[in-house]
Amino acid sequence: MRLLFVGDVVGESGCDFLYKNIYKIKKENSIDITVVNGENSAQGNGITPRSMDSLFSMGVDVITTGNHCFKRKESMDIYEHNESVIRPANFPAGAPGKGITVIDKVPYKIAVINLIGTMYLDSFDNPFNVIDDILKGIDTPNIIVDFHAEATSEKKAMGFYLQNKVTAVLGTHTHVQTSDECILGGHTAYITDVGMAGPENSVLGIDKDIIINKFKNKMPVRFIESTEKCFINAVVVDFNEKTGKANDIKRLVVR
């Protein structure tokens with residue numbers, strides 16, 4: 001089977017550009033499953049019912065999120081009523097929603113897990129301990145992990161920790177695609193960061209001049225999405241659905 005995983009989609013422009021290109025991408029790469037990180041898909045951060053519907057209208061199977069998952073008050077009900085939208089599993093107990101979902105592609109199942117890192121982010125439950133508990137309850141070898149983390153060291157460590165235990169460990173959050181895609185242990189597809197889908201000539205999707213002024217003057221600024229042309233960062237993971245073993249991981253950049 002083949003998985004298409006799209007990095008953090010930024011705002012309406014990112015959603016619109018993905019919509020225009022995703023069908024061609026899926027056809028050219030013979031995609032069976034599509035997972036998208038949608039925690040920035042709403043205009044101004046977070047996810048809303050509108051941005052969720054936009055992504056699902058493209059044939060997305062699962063939407064993962066991250067530290068902005070509860071940024072918008074409209075998002076609270078999303079996690080309670082949509083099993084295909086997940087938030088990081090290591091949020092404290094009591095947070096709405098869940099951090100895992102299972103896609104049934106008869107006769108095979110694919111589990112998608114969302115985790116968030118703890119270095120340079122808020123204090124969450126230890127993702128290494130949480131994933132141990134989750135894996136005990138999964139009855140399919142096909143396991144995709146979106147690790148939404150800031151530190152490359154934490155992402156690399158998680159990749160090695162889960163090698164031969166899961167099909168793929170795919171990093172998100174930093175919005176910059178890395179070129180270290182590989183198969184760990186001959187089994188687990190890995191990349192430190194998939195990248196983003198949104199304005200390319202920007203700073204993580206935000207107007208570059210605004211961010212430059214923030215760094216230069218150290219004054220508060222209002223983040224405004226860039227109006228520059230968009231691009232898409234994604235990966236395609238080819239895996240054996242009988243064993244959960246990844247055969248290949250390929251980076252995509254679509255302009």
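Along the sequence shown, the residues carry numbers beginning at 1. Given the structure is predicted, the values throughout are model-derived calculations rather than measurements. For the numbers below, each heavy atom of this structure counts, side chains included, while hydrogens, waters and symmetry mates do not.
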*asked:* How about NZ on Lys165, more than 12 heavy atoms from neighbouring residues, nucleotides or ligands closer than 6.0 Å, or not?
replied: yes
*For the residue pair Ser84 and Phe56, what are the closest heavy atoms and their distance?*
CB-CZ, 3.8 Å
*Check Gly44 against Lys71 and note the closest heavy-atom contact, atom names and distance.*
O-CE, 4.4 Å
*With rounding to the nearest 0.5 Å, note down the distance linking CG in Leu170 to CD1 in Ile191.*
7.5 Å
*Run through the side-chain heavy atoms of Ile, Leu, Val, Met, Phe, Trp and Tyr, join any pair under 4.5 Å, and report what else lands in Ile210's cluster.*
Val176, Val203, Leu204, Ile206, Ile211, Phe215, Val221, Phe223, Ile224
*So do the side chains of Ile31 and Val236 get within less than 4.5 Å of each other, counting heavy atoms only?*
yes
*If two hydrophobic side chains count as joined below 4.5 Å and joins carry through other members, does Phe70 share a cluster with Leu55?*
yes
*Residues Ile103, Val112; criterion side-chain contact (heavy atoms from CB on, under 4.5 Å); working and verdict*: CA-CA 8 Å; Ile103 310 168; Val112 181; 4.0 Å; yes
*Does any non-hydrogen side-chain atom of Asp248 lie less than 4.5 Å from one of Phe239?*
no
*Thr101 side chain to Glu83 main-chain N or O, any donor-acceptor pair under 3.5 Å?*
yes
*Can you get from Ile144 to Leu184 by hopping between Ile, Leu, Val, Met, Phe, Trp and Tyr side chains that sit under 4.5 Å apart?*
no
*Do Glu74 and Pro49 have side-chain heavy atoms sitting under 4.5 Å apart?*
yes
*Hey, what do you get for CG (Leu4) to OG (Ser30), rounding to the nearest 0.5 Å?*
12.0 Å
_Contact summary for Pro199 and Gly205, nearest pair of heavy atoms_ = CG-O, 3.9 Å
_side-chain contact (heavy atoms from CB on, under 4.5 Å) assessment of Met196 paired with Val6_ = CA-CA 7 Å; Met196 61 172 272; Val6 181; over 6 Å; no
*Are the side chain of Thr34 and the backbone N or O of Asp61 linked by a donor-acceptor pair below 3.5 Å?*
no
*To the nearest 0.5 Å, what is the distance between CD1 (Ile138) and NZ (Lys109)?*
11.5 Å
*Does some side-chain heavy atom of Pro88 sit less than 4.5 Å from a side-chain heavy atom of Cys69?*
yes
*May I ask you to test the Phe91-Val130 pair for a side-chain heavy-atom distance under 4.5 Å?*
no
*Is Tyr120 isolated, or which residues cluster with it under the ILVMFWY side-chain rule of less than 4.5 Å, directly or via members?*
Met119
*Mind checking the CD-OH spacing from Glu12 to Tyr19? Nearest 0.5 Å is all I need.*
15.0 Å
_Does anything in residues 187-205 form a side chain to side chain donor-acceptor pair (under 3.5 Å)? List the pairs, not counting sequence neighbours._
Lys155-Asp193, Thr174-Asp193, Asp180-Thr192, Tyr190-Thr192, Glu200-Arg255
*Backbone of Asn45 reached by a side-chain donor or acceptor of Arg72 within 3.5 Å*: yes
*Among Val194, Asn40, Val36, which residue meets the side-chain contact (heavy atoms from CB on, under 4.5 Å) test with Asp8?*
Asn40
*asked:* Treating Asp207 as the side-chain partner and Asp209 as the backbone partner, does any N or O pair qualify as donor plus acceptor under 3.5 Å?
replied: yes
*Is the shortest distance from a Lys or Arg side-chain nitrogen in Asp53 or Arg50 to a carboxylate oxygen in the other one below 4.0 Å?*
no
*When clusters are formed by joining ILVMFWY residues with side-chain heavy atoms under 4.5 Å apart, either directly or through shared neighbours, do Ile33 and Val235 land in the same one?*
yes
*Are Ile183 and Tyr161 connected in the hydrophobic side-chain network, where two residues link if heavy atoms are under 4.5 Å apart?*
no
*Between the side chains of Thr64 and Asn114, is a donor N or O closer than 3.5 angstrom to an acceptor N or O?*
no
*Can you spot which of Val169, Thr65, Val35, Asn37 makes a side-chain contact (heavy atoms from CB on, under 4.5 Å) with Asp146?*
Asn37
*Can you measure from CD1 (Ile113) to CD1 (Ile86) and round to the nearest 0.5 angstrom?*
8.0 Å
Below 3.5 Å, can you tabulate the donor-acceptor pairs from side chains in residues 20-28 to any protein atom, sequence neighbours excluded?
unit_1 : atom_1 : unit_2 : atom_2 : d
Asn21  : ND2    : Phe17  : O      : 2.8
Tyr23  : OH     : Ser57  : O      : 3.1
Lys26  : NZ     : Gly59  : O      : 3.4

*Under a single-linkage rule joining Ile, Leu, Val, Met, Phe, Trp and Tyr whose side-chain heavy atoms are separated by less than 4.5 Å, which residues share a cluster with Ile212?*
none
*Is Ile116 linked to Ile47 within one hydrophobic cluster, defined over Ile, Leu, Val, Met, Phe, Trp and Tyr using a side-chain heavy-atom separation of less than 4.5 Å?*
yes
*Among pairs that include at least one residue of residues 221-246, which meet side chain to side chain donor-acceptor pair (under 3.5 Å), considering only residues two or more places apart or in two chains?*
Arg2-Asp238, Ser13-Glu225, Gln43-Glu225, Asp238-Asn247
*Kindly indicate whether the side chain of Phe231, heavy atoms from C-beta on, has any atom under 4.5 Å from the side chain of Val254.*
no
*Side chain proximity check, Met219 to Lys214, heavy atoms < 4.5 angstrom*: no
*For Arg251 and Ser179, indicate whether the former's side chain and the latter's backbone hold a donor-acceptor pair under 3.5 Å.*
no
_Spacing of CG belonging to Leu162 relative to CZ belonging to Phe147, to within rounding of 0.5 Å_ = 9.0 Å
*Could you check Val85 against Met52 for side-chain contact (heavy atoms from CB on, under 4.5 Å), going step by step and ending with a plain yes or no?*
CA-CA 8 Å; Val85 183; Met52 176 194 72; 3.8 Å; yes
_Take a 6.0 Å sphere around CD of Glu80 and say whether it holds more than 12 heavy atoms from other residues, nucleotides or ligands._
yes
*Quick one: do Asp32 and Tyr108 satisfy side chain to side chain donor-acceptor pair (under 3.5 Å)? Show the steps, please.*
CA-CA 12 Å; Asp32 301 293; Tyr108 302 103; over 6 Å; no
*Are any side-chain N or O atoms of Thr48 and backbone N or O atoms of Ser51, one a donor and one an acceptor, separated by less than 3.5 Å?*
yes
*Does some side-chain heavy atom of His175 sit less than 4.5 Å from a side-chain heavy atom of Val10?*
yes
